[in-house]
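Lettering of chains follows the sequences in order, A, B, ..., and the numbering in each one begins at 1. Nothing here was measured: the structure is a model prediction, and the numbers come from that model. Just so it is clear, the values below take in all heavy atoms, side chains as well, and ignore hydrogens, waters and symmetry mates.
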Amino acid sequence: MSENYQPHAIEVKWQQKWEDSRLYRSQVDWDKPKHYALTMLPYPSGDLHIGHWFAMTPSDARARWMRMKGYNVLFPMGFDAFGLPAEQAAISRNIHPWKWTYANLERMREQMRSMGAMFDWEREAISCTPEYYKWSEWFFKRFYEHGIAYRGSALVNWSETLQTVLANEQVIDGKDERTGQPVVHKMMEQWFFRITKYADELLNFEGLDWPEPIKIMQTNWIGRSEGARAAFHTAVGNHPIEIFTTRPDTLWGATFMVLAPEHALVDVITTPEQRASVDEYVKETALETEIERMLEHREKTGVFTGAYAINPVNDEKIPIWIADYVMITYGAGAIMAVPGHDQRDFEFAKAHDLPIRVVIQPGDMTEALTVEAMSAAYDGPGVMVNSDAMDGSLSSDAKGRKNPAIARVIDWLEATGKGEEAINYRLHDWLISRQRYWGGPIPMIYDGDEIIPVPDEDLPVLLPEDVDFMPTGRSPLTYHEPFFKVDETRRRETDTLDTFMCSSWYQLRYLSPDCDAAPFDAEEAAYWLPVDVYTGGAEHAVMHLLYTRFFTKVLRDLGLYDDAVAAMRRHGRDPEGAFDEPMTILRNQGQVLGGERQGDFVLCSGRAVGERMLAHRVEVVDWNQVPPGFDGVFGELAHRTEDVLHVEMAGITQFVKVERDAEVIIPDIPGKNNVNQLRHHLEIQRMSKSKGNVVNPDELVEKYGADVVRCYLMFNFDWQKGGPWNENNIKGPQGWLHDVWDIVVAGAPTSPGAADAERDIERKLHQSIAVINRGLEDFSFNTAIAEQMKFKNYLKAALREEKIGARCWWEIINPTLRLLAPFAPHIAEELWARLGFDYSVHTQSWPAYDAEKAREEQVDLVVMINGKPRETIPVDVDIAKELAVTLALESAAAKRSLSGEAPKRAIFIPGRNGTDPKVNVVV
RNA sequence: GCCUCCGUAGCUCAGGGGUAGAGCGCUCCCUUGGUAAGGGCGAGGUCAUGAGUUCAAAUCUCAUCGGAGGCUCCA
């Protein structure tokens, strides 16, 4: 017998050989079609985890498949290496961010090599290197010159924990998305990117093959709404209050106004009598977190300012209130309240006894809407009433100008100068400055009030290395005088760039990571762009994925792709649309979750103290092995908090407090045990160190080999969904690869083979090729591998029955290894070499699907009686309708049910793509 | 509350108007000189529930129940 499959021996060998022979070097070749496959670059946090493997290895398999199909494939990798964790490591462990980052990065790069992926490491880009961030700075300057980057004052999110401002996209439910700590609103002067200028274009996903949820999330985030803007003047003094409304047709129903408590005019317009209560309310809301404020079904609180506004459409004097249900961050931070037709305003009016007026009368109701009878605001269609000249206008369900009443009112507002059509976005400009050290410097200098960009020839502004990390929480740059002090009057910007800016263009840097004349080489860009397939997590939907689209569009409008466009033309390719979007196809992988784990079955002895037991002895035993007469607490350890055990038996939880010096016996763990070593029940949930359900890929590779781990990850999950880890299932892919190994190293059989079996295995091979192709195309890696297993099973059975001859064996094994190559690159390469084929299997062509060879010849004609299958008759694959019906009617089943009568109908269903032909006899 | 996706074998998932499928797991048998293994045989499903359309529904339609994700005082 031949030797066994020993993954480690071959994997390291081939990884070295691939590297030495530069097998994965990708270079521009205008004679070949290109394919730019990209997976989101990792942050160098320390160790590669199973999620990285899950994200990267299936993408690698697909990239390899594309390469074998004849594409010139670019599949680069790099690191998103700026960010707070490095700085926190510096503060807490006194390691410089450079050192911490580089150590992690080198470690992760080594771990990534063990994947056997086809990354072209010669194109690696690392965002924290001066060679990289020079161009992040350079882009910032170009943006500044064209008014895309600007310094402005705005209410921003300040994180006390992180001591920096954050972009809106990084704040979820009022909390920082990374640490989950609350943020506060602060008025600050910061650097912004004018992403709102691109809001409408970003809403257009034409030509993008992206997951629907991502498009929806971006659309929601941008939050476009059409309506009108109008100014309400105060009755006393001249303080116009800007409002935005999507319902200008209800302007005549405005019976009061509401300002957000943070609104700048609150202080100005409040009357002395109301001053105390207004101040009190403003103070209260300032203390509320965003979360509290956004709770549903909250009581509508608010206070009167004492001031009045004049409704511009009917000169009515209406009171101005402040209330926390109006958000300073949305629209103008002030609203006209129309309680008759807006539920929130209705609730507020009811709570504070404010007048309600009907200005839209539902047309189809027999009884007219009256304020007295209303129990809720009416927001349906109808006819405008109580609205002077606009009365009678039809207000439909439609939004914006599509609604005739709204269109008419907008026209009237514009004609009379009382207001204008307006579009409001939820999206705000992108706040890109951070009060942190470990980020790309912003290349700006302040001279008094004047802002002076650093000249291009002085880029990059280097991050100083000799900085002190003081526990003040402040960026070391703010007290590093050599850095910020340019001269006596000029001071350098000490804020740094949001790391999302660096990752907004990394797909361009891969094109030419060593280029020092430009951020990217035009010729390379012309050939490779855009990214054809982008894979990564869905959590970046409104951050990275929105930012990078914005970035691409800005670069295009600034003419930064002009050279690339010219190069495309030179090479006879159409540049139309090539630089509008960064990534054509986007797919999100799901998440590998921690598997479910049974808790230890424990026997606790001790004495009862009130409701719970105070235990002096806890023993772990085999499941349900309770000694007769045991009178303590026993059951599964469901949960543990410190030394309190939650022991569950038959759905009842009992609490056991374990004494400090109690005896803990865990048979599987030798030596003296303690309460912390008890294993509690684990639900299926995200992997995290604190939950103790993390899977270490290095250990898996050590145990099973990289190929098995790759295949397990592709096979055991629906890639786009993810799911719970179950190491037991790794035996499937392991057995498969072992079998393939055995089949190949056993060599060609000596038996002569049987023609029909050989024809059959050839047919099965081609049927499998079709399924595998579809699986890879659709990112259904699991079905592609299941199909390969299935084919292996057929082949194995045929070989065992000695029905395959030597010639057929060679004809089958060769494509089998090529089909295997993208999934398990090492074993495929090893077996390929052992059979004496030319290096490398990865540069071979992908087996072509031959429909003729895949075609079945004999099939079963299914005879159905009233839709129920009753009998099968073997027939030719392309049996004609007449013959099929005749055969069916002559079948025993048909004769039995017809018993001499004529059938009502006989319906012939020809077999197509693999299904058998059928005849349904209706009796 | 709204939007999107999803309920198929014990598990993970394919399929999808026309005979209910794969891998793993499981039962039983064989092997014990491939051995933290190998081989063989087999069992397992009212395709979430209810109604409708159809000669025929797991598949299409509607409703209900259950799950996952996203949005949510958006003026």
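- Among residues at least two apart or in separate chains, side-chain hydrogen bond (donor to acceptor under 3.5 Å, both in side chains) pairs with a member in residues 332-345 of chain A are A:Y325-A:D345, A:D342-A:R344, A:Q343-A:E347.
- Rounded to a whole Å, the NE2 atom of A:H738 is 11 Å from the P atom of B:A36.
- Residue contacts for A:D742: at a heavy-atom cut-off of 4.0 Å it reaches a base atom on one of the strands shown.
- Across B:U53 and B:A63, the matching C1' atoms stand 15 Å from one another, rounded to whole Å.
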What does the list of N/O pairs under 3.5 Å between the protein and nucleotides 21-27 of chain B look like, with a distance for each?
from  : atom 1 : to     : atom 2 : distance (Å)
B:G23 : OP1    : A:N793 : ND2    : 2.8
B:C24 : O2'    : A:N729 : OD1    : 3.0

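- Going from atom CD of A:E242 over to atom C1' of B:A75 covers 14 Å, rounded to whole Å.
- No contact: A:G590 has no heavy atom under 4.0 Å from any strand.
- A:R774 has no side-chain polar atom (N or O) that falls below the 4.0 Å cut-off from OP1 or OP2 of B:A14.
- Spacing between B:C47 and B:A37 at atom P, rounded to whole Å, works out to 37 Å.
- Here A:E421 pairs with A:R401 in a salt bridge; the nearest charged N to carboxylate O distance falls below 4.0 Å.
- A cation-pi arrangement is absent between A:K881 and A:F908, since the terminal nitrogen or guanidinium carbon is not both under 6.0 Å from the aromatic centre and inside a 45° cone about the axis.
- Here the C1' atom of nucleotide B:C55 and the CG atom of A:N866 are 8 Å apart, to the nearest Å.
- Rounded to whole Å, atom P of B:G69 lies 10 Å from atom CD of A:Q591.
- Look at the C1' atom in both B:G15 and B:A58: the space between them is 10 Å, to the nearest Å.
- Side-chain atoms of A:V922 lie closest to B:C55 of the nucleotides B:A75, B:C55, B:A14.
- For the C1' atoms, the distance linking B:A57 with B:G42 amounts to 31 Å, nearest Å.
- Note on A:D345: nothing from the nucleic acid sits closer than 4.0 angstrom, heavy atoms only.
- Counting only heavy atoms from C-beta on, A:I907 has its side chain closest to B:C55 among B:C73, B:C55, B:A75.
- Heavy atoms of A:M864 sit under 4.0 angstrom from at least one base atom.
- Across the C1' atoms, B:A14 and B:G1 are found 35 Å apart, a figure rounded to whole Å.
- Annotation: B:G23 and B:G17 have their P atoms spaced 24 Å apart (nearest Å).
- Proximity of A:D876 to A:L883: side-chain heavy atoms (C-beta onward) are nowhere separated by under 4.5 Å.
- Nearest to the side chain of A:Y325, among B:A75, B:C73, B:U4, sits B:C73.
- The salt bridge (Lys or Arg N to Asp or Glu O under 4.0 Å) check on A:E226 picks up A:R224, with sequence neighbours excluded.
- A:I909 places its CD1 atom 12 Å from the P atom of B:A57, with the value rounded to the nearest Å.
- Looking at the side chain of A:I216, the nearest of the listed nucleotides B:U4, B:C73, B:A75 is B:U4.
- Under the salt bridge (Lys or Arg N to Asp or Glu O under 4.0 Å) criterion, A:E801 pairs with A:K803, not counting sequence neighbours.
- Between A:F908 and A:F244, the one whose closest nucleotide on RNA chain B sits nearer the 5' end is A:F908.
- Distance A:R247 CZ to B:A75 C1': 11 Å, rounded to the nearest Å.
- Where RNA chain B pairs in unbroken runs of 3 or more (Watson-Crick or G-U, both distances under 3.5 Å), the stems are B:1-7 with B:65-71, B:10-13 with B:21-24, B:28-30 with B:38-40, B:48-52 with B:60-64.
- Taking side-chain N and O atoms only, A:R905 has a distance below 4.0 Å to OP1 or OP2 of B:C55.
- No engagement by A:D342 is indicated, since no non-hydrogen atom pair under 4.0 Å with the nucleic acid exists.
- Under the rule for a side-chain hydrogen bond (donor to acceptor under 3.5 Å, both in side chains), the partners of A:D707 that lie at least two apart in sequence or sit in another chain are A:H826.
- When the nucleotides B:G70, B:C74, B:C73 are ranked by their closest atom to the side chain of A:R426, B:C74 comes out on top.
- In terms of phosphate contacts, A:T783 brings no side-chain nitrogen or oxygen within less than 4.0 Å of OP1 or OP2 of B:G15.
- Rounded to the nearest Å, the gap between the C1' atom of B:C74 and that of B:C3 is 15 Å.
- Glycosidic conformation of B:G23: anti, with the torsion beyond 90° of 0.
- For the pair A:R549 and A:W210, the distance from NZ or CZ to the six-membered ring centre is under 6.0 Å and the angle to the ring normal is within 45 degrees.
- Judged as a salt bridge (Lys or Arg N to Asp or Glu O under 4.0 Å), and not counting sequence neighbours, A:E284 has no contacts.
- The side chain of A:N920 has B:A56 as its nearest neighbour among B:C13, B:A56, B:C73.
- Separating the CD1 atom of A:I328 from the P atom of B:C73 is a distance of 16 Å, rounded to the nearest angstrom.
- Base engagement by A:K300 is indicated by at least one non-hydrogen atom pair under 4.0 Å involving a base atom.
- Contact check, A:R344 against B:C74: a side-chain N or O comes under 4.0 Å of OP1 or OP2.
- Between A:Q589 atom CD and B:G69 atom P there is a gap of 16 Å when expressed in whole angstrom units.
- Identified under the salt bridge (charged side-chain N to carboxylate O under 4.0 Å, His left out) test for residues 709-721 of chain A, with sequence neighbours left out: A:D60-A:R710.
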Distance-only check: which donor-acceptor pairs under 3.5 Å involve side-chain atoms of residues 776-785 of chain A, not counting sequence neighbours?
from   : atom 1 : to     : atom 2 : distance (Å)
A:N782 : ND2    : A:F717 : O      : 3.4
A:T783 : OG1    : A:S780 : O      : 2.9

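- In this structure, A:R426 forms a cation-pi arrangement with A:W221, its terminal cationic atom sitting closer than 6.0 Å to the ring centre and no more than 45° off the ring axis.
- With hydrogens and angles left out, the side-chain atoms of A:N424 and A:S225 include no donor and acceptor closer than 3.5 Å.
- Taking atom C1' on both nucleotides, B:U64 is separated from B:A22 by 32 Å, rounded to a whole Å.
- For B:C13, its base never sits under 3.5 Å from the side chain of A:K721 at any donor and acceptor pair.
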